[in-house]
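What follows is a single structure, written as structure tokens, with notes after it.
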Amino acid sequence: MSSEQTFIAIKPDGVQRGLVSSIMSRFENKGYKLVGIKLTNASEGLLREHYADLTAKPFFPGLLNYMLSGPICAMVWEGKDAVKTGRVLLGATNPLAALPGTIRGDYAIDVGRNVCHGSDSVENAKKEIALWFKPTEIVSYTPAVFKWIYE
Ligand code: DAT
Ligand code: MG
């Protein structure tokens, strides 16, 4: 099985609105394995690196302020096709276009308050995990239910 790790973050609005457990449940219920988690106030430097491809966008200053506005729940989830399927669980970037049943479809309205982040490629997931976590903060274990999730 090709197992991947993806970086999923609950943004300050998701933390403030008490959505941490609801969002985590989506990943747990699907069968993905939590291998890293922390609640953190991200620095401006970290966020500029995290969103390096967006610094020239007109919405970037607002995005930066939003991400600096409170704690973020940073997580690493692992499993088969975790990067692409993680994005499916999040839903479209613009919550108004996100389907019901997805996190953004169920819990958000404005693109600038879309409650969660998910890596968009395996390569970016590796970069983001290395940016937000030290190697020792990522754990390795086999869940007891593993054989009931994967054939
Ligand atoms: P995603 O978070 O789905 O990967 P992205 O990487 O294109 O989307 O953009 C990062 C974040 O920037 C996104 O979650 C919310 C914000 N954003 C994107 N497009 C925006 C826009 N047109 N107006 C305001 N904020 C936007
Ligand atoms: Mg993105």
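Residues take their numbers from the sequence shown, with the count starting at 1. Just so you know, these numbers use all the heavy atoms, side chains as well, and skip hydrogens, waters and symmetry mates. Each ligand, and each atom within it, is numbered from 1 in the order the structure gives.
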Inset, instruction - Check the angle between the aromatic planes of Tyr51 and His117 and answer parallel, tilted or perpendicular using the 30° and 60° thresholds. - result: perpendicular

Inset, instruction - With heavy atoms of Leu54 as the reference, note each atom of ligand 1 found under 4.0 Å away. - result: 9 (O), 10 (C)

Inset, instruction - Find all atoms of ligand 1 within a distance of less than 4.0 Å from any non-hydrogen atom belonging to Tyr51, and give their numbers and elements. - result: 10 (C)

Inset, instruction - Write out the residue and atom name of the closest protein heavy atom to atom 4 (O) of ligand 1, then the distance separating them to 0.1 Å. - result: Arg87 NH1, 2.6 Å

Inset, instruction - Mark up the atoms of ligand 1 that fall under 4.0 Å of a heavy atom belonging to Lys11, in ascending order. - result: 13 (C), 14 (O)

Inset, instruction - Scan Ile8, Leu90, Ile103 and name whichever one has a side-chain contact (heavy atoms from CB on, under 4.5 Å) with Arg26. - result: Ile103

Legend entry - For Ile72 against Trp132, the heavy-atom pair lying closest together: CD1-CH2, 4.0 Å

Legend entry - Residue-ligand contact Arg104/ligand 1, heavy atom below 4.0 Å: yes

Legend entry - Per atom 23 (N) of ligand 1, closest listed option by heavy atom (Val115, Leu90, Val111, Asn124): Val111

Legend entry - For the student: nearest non-hydrogen atoms of Ser43 and Leu46, plus distance: OG-N, 3.1 Å

Legend entry - Candidate with minimal heavy-atom separation from atom 26 (C) of ligand 1, of Phe59, Tyr66, Phe60: Phe59

Legend entry - N/O separation below 3.5 Å, Asn114 to ligand 1: yes

Inset, instruction - Give a yes/no on ligand 1: does Lys57 have at least one heavy atom closer than 4.0 angstrom to it? - result: no

Inset, instruction - Specify the closest pair of heavy atoms between Thr55 and Arg48, including all atoms of both residues, with the distance to one decimal. - result: CG2-O, 4.4 Å

Legend entry - Over-ring placement of Lys11 relative to Tyr66, 6.0 Å and 45° cut-offs: no

Legend entry - Neighbour count above 12 (heavy atom, 6.0 Å) for Ile109 CD1: no

Legend entry - Closest candidate by heavy atom, reference atom 3 (O) of ligand 1, pool Leu63, Leu64, Asn94, Thr93: Thr93

Inset, instruction - Establish whether atom 17 (N) of ligand 1 and some protein heavy atom are separated by less than 4.0 angstrom. - result: yes

Inset, instruction - Going by the side-chain contact (heavy atoms from CB on, under 4.5 Å) test, name the single residue among Val76, Ile129, Thr6 that passes it with Ser119. - result: Thr6

